[in-house]
Amino acid sequence: MFCEKAIELIRELHRMSDGQLPAFNEDGIRQVLEEMKALYEQNQSDVNEAKSEGKSELIPTIKFRHCCLLRNQRCIAAYLYDRLLRIRALRWEYGSVLPTNIRFHMCAEELQMTFFFFLSSIVGMRKTRHNHRTLKPPKSLYIEVRCLKDYGEFEIDDGTIILLKKNSQHFLPRWKCEQLIRQGVLEHIVS
Amino acid sequence: MFITDIRKEFYDVVVNQRVALLVSLDIDALCACKILQALFHCDQVQYTLVPVTGWQDLGTAFLEHKEQFRYFVLINCGANVDLLETLQPEEDSIFFICDTHRPVDVVNVYNDTQVKLMIKQDDDLGVPSYDDIFRDEEEESGDSGNESDGDPEPSGKRRRYEEGAVERRIERQRAKREWEARRREILFDYEQYEYHGTSAAMMIFELAWVLTKDTKDMLWWAVIGLTDQWVHDKITHMKYVTDIATLQRHVSRHNHRNEDEENSLSIDCMRISFEYDLRLALYQHWSLYESICNSSYSSCHFKLWSMHGQKKLQEFLADMGLPLKQVKQKFNSMDMSIKENLREVIEESSNKYGMKDIRIQTFGVHFGFNNRFLASDVVHAAAALLENTEKDESPGDNFIKALDCLSRSNLERLHGGIALAKKKLMAIQQTVASCICTNLILSQGPFLYCYLLEGTPDVKLFSKPMALTLLCKYLLKAFVCSTRNKRCKLLPLIMAAPMDVEKGTVLVLGIPPESDTSDKKNFFGRAFEKAAESTSSRTLHDHFDTSSK
């Protein structure tokens, strides 16, 4: 059936949750474009036939192929736009350097686009000077964390030292813990 | 020293400081810890929570953290041993102890500076008075000083003076010996029996109430702490009923807070209700039949390890008009008509069969459409998680899991705990049945003795103290019901089970004789110490509960 390949592209994106970028499906896009080209050529010949020989039975077929073409166009546009939005969100999260595994998943044009994002975000940051990571204020100053591995001694702002041992729980200032949570040493507990 | 005003002397002191919480591994301590954590979150008190399994662990944890913390809060550990001598802390370390173990060591009671006990002074303590135990040594040195100064006096007077001095000295020494003998006797009487006091969770809940920061969650944890003491047979029935009455006042206060015609609470809010419910473990999450077979009360009364007992159970069910098919399926799927008056029907029939106390006062909670739990259900689940031997995880990991299952947001953990608890109860039932049927309980003169061999099925479960305690109590009850020997019914029971097969260590536990009016006082702590000395065996008196080694 027509347009199936295009739907598959959309489904592929839909399967991956927000924040993840699957590899750029060059094959898929190429197949859809080929299908569109085939449909267009068939339509062209049918239109000529209909005009010259007056075969009005061909008109529904022409209309149908036209709808398929439009649908393919919409699907491809949606696919590319959604990837654009995801890449932009990833740029906000990761800052200036995107991890290599994400870069592999992008095509050449998308990489170029990220460069443009980078430039515009620098301009934006200079204008507003805000930390793009925490747009919402945190609910509390302190959070409860649990230690997942033996880390040793850890110093917090007022100079006191805390011993981070496996399975101990602590109630510490949020900003000091963020780094360790990212590293996987501490786990935030929400009760 | 005892704290009189828990808010001023404890909370206001620590609220601006960093605190180390050292928590022992039992459900009451876990509940107290949860309530205290919730209070600390409210007031943003920075703390560090460390689980401790025994005295050695406590010592290690203290050594690790003593540089960084000045204030230590010990929950369910540390009161029954001279803490300052065991830990050797610096002058400025302060310990707040909230412990149910009694008797409280006299040094801890009379230390004014470093040890603060969060225990009510009228909690049936019977602490000997200060003068009976401690004696100021000044009078001694005063007199001996006089004697040495006697040189420059003339010889006549001196001789008379010396005779008087010698008499006085003999008199003093005799008085001192008498005083020391009386002191030893008083201390022996005070320390020979070990028992438990008011639940730690209830003490900390009272702190929350005084601060008017108590919530329904904290109240529910206090209920679980008290129920843990009852399930593991640590307090007498009278005390349990008294404490239930105290908690019932709090429950009514919370329930009438905002329920009226216009603002009824959403179904997702937590509701605690007083229940006069059946003493069958986990019956709402199991089938009724399984629950009757695996609860110690019903199983011992029917003597379900014998054929005769099984028949009696069938009769009992028939008497109540409950079809076997209904009773053997999951409780939630039983017919509504049967479930409606189930408690009353069972109570009536149990009275005929000699089980007068099949119903017990307790509390239940429900939130959401599906989630109803009795306090004893949660206790069994948390205890099973805390002593989980299925995967080889450290006690610290199990502590974290059990602590998590107490929050309302971790229901899958709680259900996992209930499944483990079912396995544990079934294992206990089978072990008891096999011990009784194969006569593994031997009478050794003044006590009964049972040793679980290494090949016994599920013996790994019983390498943990709480599980072994449950098994021990159940076994003693079953033995008392099944034996005809009148003398044996009044004997205490000692149980031994392999703790670590590779190292060849054995866990030994002793419980007092079974009786209805038992005051739950256990003398095995001192007895084990003496036995270890006299047989010079290598023992590790590590558990906070001195009746298990």
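The chains referred to below are lettered A, B, ... by the order of the sequence lines, with proteins before strands, and numbering in each begins at 1. Values reported hereafter were calculated over all heavy atoms of this structure, with side chains retained and with hydrogens, waters and symmetry mates removed.
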Where is the tightest heavy-atom contact between B/Pro51 and A/Asn167, given as atom of each residue plus distance?
CD-O, 3.9 Å
Among B/Leu403, B/Leu49, B/Asp217, B/Val45, which residue forms the greatest number of heavy-atom pairs with chain A at distances under 4.5 Å?
B/Leu49
So with a 6.0 Å cut-off around CD of B/Glu91, is the heavy-atom count from everything else above 12?
no
Atom CD of A/Glu53 with >12 non-hydrogen neighbours under 6.0 angstrom:
yes
With a 6.0 Å cut-off (strictly less than), is the heavy-atom count around NZ of A/Lys165, excluding the residue itself, greater than 12?
no
Taking the side chain as C-beta and beyond, is there a heavy-atom pair between B/Val50 and A/Gln169 under 4.5 Å?
no
Chain B interface, residue from A/Glu153, A/Lys166, A/Arg146 that has the most non-hydrogen pairs under 4.5 Å:
A/Arg146
What one should report as the nearest heavy-atom pair of B/Gln68 and A/Ile161 is CG-O, 2.6 Å
How long is the gap from CD on B/Gln44 to OG on A/Ser140, to the nearest 0.5 Å?
6.5 Å
Proximal component of B/Leu21, with respect to chain A [non-hydrogen, under 4.5 Å]
neither
Under 4.5 Å from any heavy atom of chain A - which part of B/Arg18:
side chain
So what's closer than 4.5 Å to chain A heavy atoms on B/Gln37: side chain, backbone, both or neither?
side chain
So, the part of B/Asp404 with a heavy atom under 4.5 Å from chain A: the answer is side chain
State, to 0.1 Å, how close B/Glu64 and A/Leu163 come at their nearest heavy-atom pair, and which atoms those are.
CB-CD2, 3.6 Å
Measuring heavy-atom distances to chain B, does A/Ile143 have an atom under 4.5 Å in its side chain, in its backbone, in both, or in neither?
neither
For A/His66, does the NE2 atom sit with more than 12 other heavy atoms under 6.0 Å from it, leaving out its own atoms?
no
At their closest point, which heavy atom of B/Phe40 faces which heavy atom of A/Phe171, and how far apart are they?
O-CE2, 3.8 Å
Suppose we call two aromatic rings close when their centres sit under 6.0 Å apart. Are B/Tyr47 and A/His170 close by that rule?
no
